[in-house]
Amino acid sequence: MKYTIIQLRCYSTASPLTSHFNQRILHLKNGSGPTKVNDALQLFDEMLKRQPPPNIIQFTQLISLIVKEKQYSTALILLNQMKLMGIPANIYTMNIYINCHCRLNQVAYGFALLANIFKQGHPPNLATYSTLIHGLVLVDRVFEAVELFKKLLRDKLCDPDQVMYGTVINGLCKVGQTSKALELLTFMESGSCKSCVEQYSVVIDSLCKDKMVDHALELFAKMTEKGVLADVITYNSLIHGLCNFGRETEAAKMLRDMEEEGVSPGVDTFNILVNSFCKKGSVKDAELAVQAMVRRGLNPDVITYSALIDGYCLRGEIDEAEKVLDGMVEKELVPNIITYNSLINGYCKKKRIGKAMRLFQEIQDKGLIPDVVTYSSMLQGLYDSGNPAAARELFDKMQAKGLAPDICTYRILFHGMCNNSQYTDALALFQSLGGKELVKDIVLYTILIDGCTKCGKPNLALDLYDELLLKGLEPTVRTYNAMIRVYCQEGSLGKGTELLRKMEENGCLPDSFTYNVIVRELLKKNEHREAEIFLEEMINRGFMPDHATFENLLVRIPNVGKDSHLRTIIQKLTNGGRKDT
DNA sequence: ATAGGGTTAG
């Protein structure tokens with residue numbers, strides 16, 4: 001009898017136990033940090049041990065917390081434990097279950113669960129369908145996602161809400177169908193479901209990524225006019241878009257605007273600016289952005305410090321980068337692989353390969369796992385320091401560890417091999433890669449064509465050139481430059497000058513390098529008239545003869561007539577040079 | 001205040 005009374009007390013929502021759990025869940029929700037998931041797990045265990053078990057809502061809240069921390073497998077384990085303890089599933093727990101499977105790349109299983117829900121007589125709801133649509137989007141099966149959405153509309157299985165529209169709009173954006181996404185946004189506005197900041201943000205972000213920042217700004221204005229308030233994510237997307245296209249000043253203004261509108265920038269917002277300034281080499285501005293962030297009571301995180309380290313490394317100021325690293329460690333922030341990659345890359349670029357190798361070992365001792373970027377940097381360092389054997393060994397090692405080389409790795413590898421006189425090996429390796437989609441890269445072809453000229457094999461270069469055109473790759477200035485050198489080497493300078501004209505027709509402007517090669521070769525062949533034409537053209541376009549071309553010019557002065565145009569050009573160049581100094 | 005959506009480094 002006593003036992004029954006205790007049981008009754010536990011069932012009551014006002015019971016001290018229930019409110020105790022509620023308080024702890026609330027505390028966890030507001031809290032943060034690495035202990036969050038562990039604390040949640042602990043609480044879950046305590047709740048599960050209670051007989052009778054607490055309210056299912058509390059369990060759901062707790063598991064949601066874990067889902068928000070992206071611990072999907074853990075969440076699934078907890079749901080299964082609840083099932084084992086005889087706590088019946090409801091549509092909420094089922095939806096979490098489906099979501100977790102979708103997040104773990106098991107969208108098919110998600111659909112199998114949908115069938116189960118039907119069988120059990122619980123009808124799926126909007127959340128169930130949105131989750132599944134999102135699951136398809138996550139694995140790039142956007143066409144199917146859209147089909148499912150259409151079917152739901154057609155068969156009137158549900159009335160889509162903002163989340164569902166947002167999910168489909170996001171899917172369309174993800175596969176580059178921004179205009180379709182915009183259409184759907186307009187369509188939803190024509191209906192009963194009002195659009196909100198989420199749908200707009202998705203499209204704004206997508207427009208920014210499509211390099212249509214001004215269109216994004218227009219949509220942003222349109223959304224504001226409609227009374228939809230932008231939030232921190234909208235602003236982050238816009239600031240990111242502006243920064244990506246060198247419009248940092250406008251980005252900084254956008255930051256001021258958002259604060260005026262009462263939207264507080266987050267650490268992420270400042271990180272976007274910090275990163276952008278670092279990438280374009282102005283670490284000083286980045287440091288100012290960090291100060292601005294600290295003034296607002298925000299704490300720089302690993303991303304902030306990593307960006308600064310990368311910025312200093314790119315400028316070759318390794319000492320400064322090391323100082324930043326020390327600073328972040330003092331703040332008890334843990335550098336990750338991305339942080340160290342910047343440093344390793346910095347050491348390699350400075351030819352401090354010994355230092356790079358020590359750090360490479362050190363981070364592994366710490367338990368960090370080098371990724372493709374780490375290996376690629378190390379490869380470059382080894383090749384640049386004239387150690388192709390060690391480089392090749394490392395390349396094999398990385399693959400043995402299950403890391404697939406990416407296009408950057410291949411570029412570094414082939415460039416390194418060519419620079420270390422391993423042309424034959426390079427070409428053989430390239431052939432062996434054969435049809436790999438990955439090697440359909442114009443930069444890679446250019447590297448190899450360059451390699452061919454260095455080993456004096458113009459014929460192989462010509463083959464490669466035909467091959468890349470056949471694959472539909474678009475030559476860059478560098479490709480053309482390499483090919484012009486090939487023609488020169490082959491003794492068909494005429495083809496070289498022809499290509500210079502053709503590249504421009506193809507919408508690729510010759511650069512200083514192109515002209516220098518041509519002019520130099522023409523001078524060598526004593527084709528002064530032709531040399532004049534190109535020399536004049538290059539000067540008009542703002543390019544100067546380089547050292548080697550200039551020497552060729554000076555050597556020829558005695559051979560050209562007093563009234564020669566070439567002589568006038570040379571005089572102009574030398575006079576101009578004197579005036580400047 | 002039980003489920004589902006948008007931004008995020010090298």
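Predicted model only: the values in this text are computed from it and were never measured. Order of the sequence lines fixes the chain letters, A, B, ..., with proteins taken first and strands second; residue numbering starts at 1 for each chain.
For the segment residues 299-315 of chain A, the set of residues with a heavy atom within less than 4.0 Å of an atom of DNA chain B comprises I303(A), S306(A), D310(A), in numerical order. Of all the residues in residues 206-227 of chain A, K209(A) reach under 4.0 Å from DNA chain B with at least one non-hydrogen atom.
Looking at residues two or more places apart in sequence or on another chain, you find a side chain to side chain donor-acceptor pair (under 3.5 Å) between S201(A) and T234(A). Residues passing the salt bridge (charged side-chain N to carboxylate O under 4.0 Å, His left out) test with K397(A): none are found, sequence neighbours excluded. The side chain to side chain donor-acceptor pair (under 3.5 Å) search around T131(A) returns none, not counting sequence neighbours.
Taking only side-chain atoms of D268(A), from C-beta outward, the nucleotide of dG6(B), dG4(B), dT8(B) with the closest atom is dT8(B). Listed nucleotides dT7(B), dA3(B), dG4(B) differ in distance to N99(A); the shortest reach to its side chain belongs to dG4(B). Distances from the side chain of I57(A) to the nucleotides dA9(B), dG4(B), dT2(B) place dT2(B) closest. When the nucleotides dT7(B), dG6(B), dA3(B) are ranked by their closest atom to the side chain of V202(A), dG6(B) comes out on top. The Q61(A) side chain lies nearest to dT2(B) when the options are dT2(B), dG5(B), dA3(B).
If you take NE2 of H240(A) and P of dT7(B), they are 12 Å apart, rounded to a whole angstrom. Atom CE of M164(A) and atom P of dA3(B) are 17 Å apart (whole Å). The distance between atom CZ of F270(A) and atom C1' of dA9(B), rounded to the nearest whole Å, is 17 Å. Distance CG (D161(A)) to C1' (dG5(B)): 9 Å, rounded to an integer number of Å. Between F44(A) atom CZ and dT2(B) atom C1' the separation is 14 Å, expressed in whole Å. Atom CG in D231(A) sits about 13 Å away from atom P in dG6(B), given to the nearest Å. Separating the CG atom of D159(A) from the P atom of dG4(B) is a distance of 21 Å, rounded to the nearest angstrom. In this structure, the CG atom of L138(A) is 13 Å from the C1' atom of dG6(B), given to the nearest Å.
You'll find a donor-acceptor pair under 3.5 Å spanning the side chain of N336(A) and the base of dA9(B), going by distance alone. Contact of T167(A) with dG5(B) (side chain to base): no donor-acceptor pair of N or O atoms is detected under 3.5 Å.
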If you apply the rule ring pair (Phe, Tyr, Trp, His ring centres under 6.0 Å), what do you find for Y383(A) with F414(A), and how did you get there? CA-CA 10 Å; Y383(A) 277 122; F414(A) 286 112; 9.8 Å; no

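In the model, N80(A) has a side-chain atom that pairs as donor or acceptor with a side-chain atom of Y97(A) under 3.5 Å.
Under a 3.5 Å cut-off, the side chain of D310(A) and the backbone N or O of S306(A) do not form any donor-acceptor pair.
If K70(A) and L126(A) are placed on DNA chain B by their nearest nucleotide, the residue sitting closer to the 5' end is L126(A).
Stem analysis of DNA chain B (Watson-Crick or G-U pairs, both distances under 3.5 Å, runs of at least three) returns none.
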